[in-house]
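Start at 1 and go down the list; that is how both ligands and their atoms are numbered.
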Amino acid sequence: MRKPIIAGNWKMNTSTSEATELVKAMKKKLVSITGVDKVLCPPFVSLSLVKDLIKGTSIKLGAQNMHYERSGAYTGEISPVMLSGLCSFVILGHSERRALFEESDQIVNKKVQAALDLQLTPIVCVGESLEQNEAGETIDVVTRQIKAAFNGVESLQGTVVAYEPIWAIGTGKAARGDQANAIHKVIRSVIAQLYDDSVAQDMRIQYGGSVTAANIAEFIGQPEIDGALVGGASLKAPEFISIVEQTSKIKKTG
Ligand code: 13P
């Protein structure tokens, strides 16, 4: 049985005081929900304060990105060494990084390796654009991204994959549960090819893209979907709590 995992990607939102308020508004309820990994991914500048606020609880912390080098003349960048004492997860290869900051599959691959070398758990994002989707290229794109991200990676060490179709991100147009489930199945089969069946069966695959409290059940009810990477809805405490609560209930009974 794979433990479901819900992660909130706050993206470039919240000042440090807003981050504090948001954690305070969610903490008590989130802690009371069992059977789900709960991960908060605030901006870099709030990692330390969120770490203190969730100390000793079951809530986990993740970063939204990192550089692949451990140190050096990379003005403005954050290294895996810096993160390793601070958080346990790191989102890598988000489509916004790929599209807006020109992150290639090769760069994502270097980051995955660098994170694993320091025992950070990557949440590796893959997903097709609307154009690629309409051209029937979804499976090819996602397969290429997965193979590239894990190229030369010997052991996945709990790595999570997030399938985030770009056309569903921030648009309010989520994929259908069965559509996402089918792609998750493809991802799992690619992992089985690269590693083996047991590694593939153990890997948690999240869906991301316009997940809300109103549609989470549709995703979580699918056998291949092990959680969600939540953007906008993770900035609203009651909604994020509801997403985690529903996930716990559905996966426990389902
Ligand atoms: P939204 O939930 O806002 O669509 O964002 C999804 C996402 O990109 C999470 O990483």
>> Measuring from atom CD1 of I146 to atom CD1 of I187, what distance do you get when rounded to the nearest 0.5 angstrom?
In response: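 Reported to 0.5 Å precision, the distance equals 5.0 Å.
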Donor-acceptor list for residues 237-244 side chains, cut-off 3.5 Å, not counting sequence neighbours:
{"residue": "E239", "atom": "OE2", "partner": "A213", "partner atom": "N", "Å": "2.9"}
{"residue": "S242", "atom": "OG", "partner": "Q246", "partner atom": "NE2", "Å": "3.0"}

> Q113 and N109: side-chain donor and acceptor closer than 3.5 Å?
Replying inline: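 No, N109 and Q113 have no side-chain donor paired with an acceptor closer than 3.5 Å.
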> In terms of side-chain heavy atoms, does K38 have a donor or acceptor partner in S58 at a distance below 3.5 Å?
Replying inline: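 Short answer, yes.
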>> Is it the case that the side chain of E103 and the backbone of R97 share a donor-acceptor pair, with hydrogens and angles ignored and the cut-off at 3.5 Å?
In response: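 Checking the backbone N and O of R97 against the side chain of E103, no donor-acceptor pair under 3.5 Å is found.
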>> Checking the side chain of H184 only, and the main-chain atoms of E224 only, is there a donor and an acceptor separated by less than 3.5 Å?
In response: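 Yes: the side chain of H184 pairs with the backbone of E224.
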Between ligand 1 and the protein, tabulate every N or O atom pair separated by less than 3.5 Å, reporting distance only.
{"residue": "ligand 1", "atom": "2 (O)", "partner": "G231", "partner atom": "N", "Å": "2.9"}
{"residue": "ligand 1", "atom": "3 (O)", "partner": "G232", "partner atom": "N", "Å": "2.8"}
{"residue": "ligand 1", "atom": "4 (O)", "partner": "G170", "partner atom": "N", "Å": "2.6"}
{"residue": "ligand 1", "atom": "4 (O)", "partner": "S210", "partner atom": "N", "Å": "2.7"}
{"residue": "ligand 1", "atom": "5 (O)", "partner": "K11", "partner atom": "NZ", "Å": "3.2"}
{"residue": "ligand 1", "atom": "8 (O)", "partner": "K11", "partner atom": "NZ", "Å": "2.8"}
{"residue": "ligand 1", "atom": "8 (O)", "partner": "H94", "partner atom": "NE2", "Å": "2.8"}
{"residue": "ligand 1", "atom": "8 (O)", "partner": "E164", "partner atom": "OE1", "Å": "3.4"}
{"residue": "ligand 1", "atom": "10 (O)", "partner": "N9", "partner atom": "ND2", "Å": "3.0"}
{"residue": "ligand 1", "atom": "10 (O)", "partner": "H94", "partner atom": "NE2", "Å": "2.9"}
{"residue": "ligand 1", "atom": "10 (O)", "partner": "E164", "partner atom": "OE1", "Å": "3.2"}
{"residue": "ligand 1", "atom": "10 (O)", "partner": "E164", "partner atom": "OE2", "Å": "2.9"}

